[in-house]
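The structure displayed is predicted, hence computed values, not measured ones. Order of appearance sets the numbers: ligands from 1, and atoms from 1 within every ligand.
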Amino acid sequence: MIIKPKVRGFVCVTAHPAGCAAHVDEWISHVKSKGSIPNGPRKVLVIGASTGYGLASRITAAFGSGAGTLGIFYERPSEEVRTATPGWYNSVGFTRAARAAGLYAQNINGDAFSNEIKAQALEAIRRDMGQVDLVVYSLASPRRVHPGNGAVHKSALKPVGAPYTNKTVDTDKGVVSSVTIEPANEQEIADTIAVMGGEDWEMWINALADAGLLAPGAQSVAYSYIGPAVTWAIYKNGTIGLAKNDLERAARNIDSLLKLNGGGRAFISVNKALVTQASSAIPVVPLYISILYKIMKANGTHEGCIEQMQRMFSTQMYAPGGPGFDESGRVRVDNLEMRPEVQASVAKIWPEVTTENLAALTDIAGYRSEFLKLFGFGMAGVDYDAEAEPHVPMP
Ligand code: NAI
């Protein structure tokens, strides 16, 4: 089948197997180009391992420090006339590359929130790895079925307390418009915390600890975002921000537990705003990212997921003196994004952007090409007019 992008709003419903593999290879090359990470992780569990920051973490652990990895993700394999999701193809590409390099790489495709998938992961670790010394928690999900009572929680990306009006961009059509989002109700707030907060991360760590599968000194990390004032109503002070506060609460509990387990630690890394499947679904944020990319590319500080994670592992998590924390105990690899001069430029451009000047004032072209890359499109060296085999089994 000849596979072309089919973009529907903020998703692309097709993915290219060779393109996704090439994207993974590009990330592997970046990590290799940076050299090995001394004293890096050896045996790693990555929850949310198939795309975005989780995939970048997995690649950094494997190709930066020779770690064996168990990846958990929720992806759809190909069906008769339908391509698989990009995370499926990414994981195939990663697994092949890791095994070719002599590294342990195993995958579990299923709902990480469920008891069943946790049990499968514990079994795989016990059987193949013995113990893990790093747990990366990088889930971004729209819903969670609670394993305790079967309740279905759906996250809502909304402001809290008052309606919020701001500019947004339809990245597909290139139209800038004003959007008003009504505030979340109590139920939506609670549901978003249930999905994107820290309870499930704690369940994973407790299950691993109870089973004796955490190596002495094991670390764990989860990811958050803060960003500038222009996005606060929808992010930091919105439902997702409240969920991230709960993730920080969980980080403190897990940190206490890991400290007692041979002096390990848990922390939140605050990462840069980047084009991923998760971030493209948040109103306002894609316009901010388009402006941010323009400024950071111009001043030479732009990074993608892989540059962010390679830097986080090598200069923070596994730095000789340990990570440098902010006043709230978080690692900040959003430091370049949050530089005052970068944010001053964003604030200057923000009120000026219109549909007409979108291409000139923002890097909407870069946003779009990054977005297509998430699905394996636009990779150099891939012939998109050639027949491609969409049915690729997980190794
Ligand atoms: P993503 O959408 O690229 O990746 C999400 C991962 O979670 C995928 O591997 C997916 O298969 C997996 N997943 C989703 N539901 C699952 C389930 N029920 N069971 C098993 N796996 C499941 O997302 P992204 O952007 O990499 O986000 C990861 C973390 O990074 C999130 O906590 C997000 O808030 C955070 N973050 C993202 C930023 C961004 O700009 N994209 C910035 C800073 C933090």
Would you say [Y] and [X] are linked by a side-chain donor-acceptor pair, where the criterion is simply a distance under 3.5 Å?
| X | Y | result |
| --- | --- | --- |
| N109 | W88 | no |
| R58 | N90 | no |
| W204 | S220 | no |
| T165 | T180 | yes |

Next on the checklist: Ring centres under 6.0 Å, that's the criterion: do Y89 and H16 meet it?
Outcome noted: no

Please list, in number order, the atoms of ligand 1 under 4.0 Å from a heavy atom of [X].
| X | result |
| --- | --- |
| D111 | 17 (C), 18 (N), 19 (N) |
| S50 | 8 (C), 9 (O), 10 (C), 11 (O) |
| A273 | 40 (O) |
| A49 | 9 (O) |
| G110 | 19 (N), 20 (C) |
| S138 | 5 (C), 6 (C), 7 (O), 28 (C), 29 (C) |
| A278 | 2 (O), 23 (O), 25 (O) |
| F113 | 18 (N) |

Next on the checklist: With a 4.0 Å cut-off on heavy atoms, is K272 in contact with ligand 1?
Outcome noted: yes

Checklist outcome for this item: atom 37 (C) of ligand 1: of Y137, Y74, Y53, the nearest heavy atom sits on Y53

Item to check | Residue pairs, two or more places apart or on separate chains, that pass ring pair (Phe, Tyr, Trp, His ring centres under 6.0 Å) and touch residues 230-266 | outcome: Y225-Y235

Next on the checklist: Polar contacts were defined as any N/O atom of the residue lying under 3.5 Å from an N/O atom of the ligand; does this apply to I72 and ligand 1?
Outcome noted: no

Next on the checklist: Is it the case that ligand 1 has an N or O less than 3.5 angstrom from some N or O of T276?
Outcome noted: yes

Among all the protein's non-hydrogen atoms, which is closest to [atom], and how far away is it?
| atom | result |
| --- | --- |
| atom 11 (O) of ligand 1 | E75 OE2, 2.8 Å |
| atom 3 (O) of ligand 1 | T51 OG1, 2.8 Å |
| atom 12 (C) of ligand 1 | G48 CA, 3.8 Å |

Heavy-atom distances under 4.0 Å are what count here, so tell me which part of [X] touches ligand 1: side chain, backbone, both or neither.
| X | result |
| --- | --- |
| S224 | backbone |
| K244 | side chain |
| Y235 | side chain |
| L139 | both |
| A222 | neither |

Item to check | Parallel, tilted or perpendicular: ring planes of Y367 versus F371, cut at 30 and 60 degrees | outcome: parallel

Next on the checklist: Can you tell me how the ring of Y53 sits relative to the ring of Y223, calling it parallel under 30°, perpendicular over 60° and tilted otherwise?
Outcome noted: tilted

Item to check | Atom of G9, atom of D172 and distance for their closest heavy-atom approach | outcome: O-CB, 4.1 Å

Checklist outcome for this item: Here the pair of heavy atoms bringing S65 nearest to R42 is O-NH1, 2.7 Å

Next on the checklist: Suppose we screen for side-chain hydrogen bond (donor to acceptor under 3.5 Å, both in side chains). Which residues come up paired with Y104, at least two apart in sequence or across chains?
Outcome noted: D128

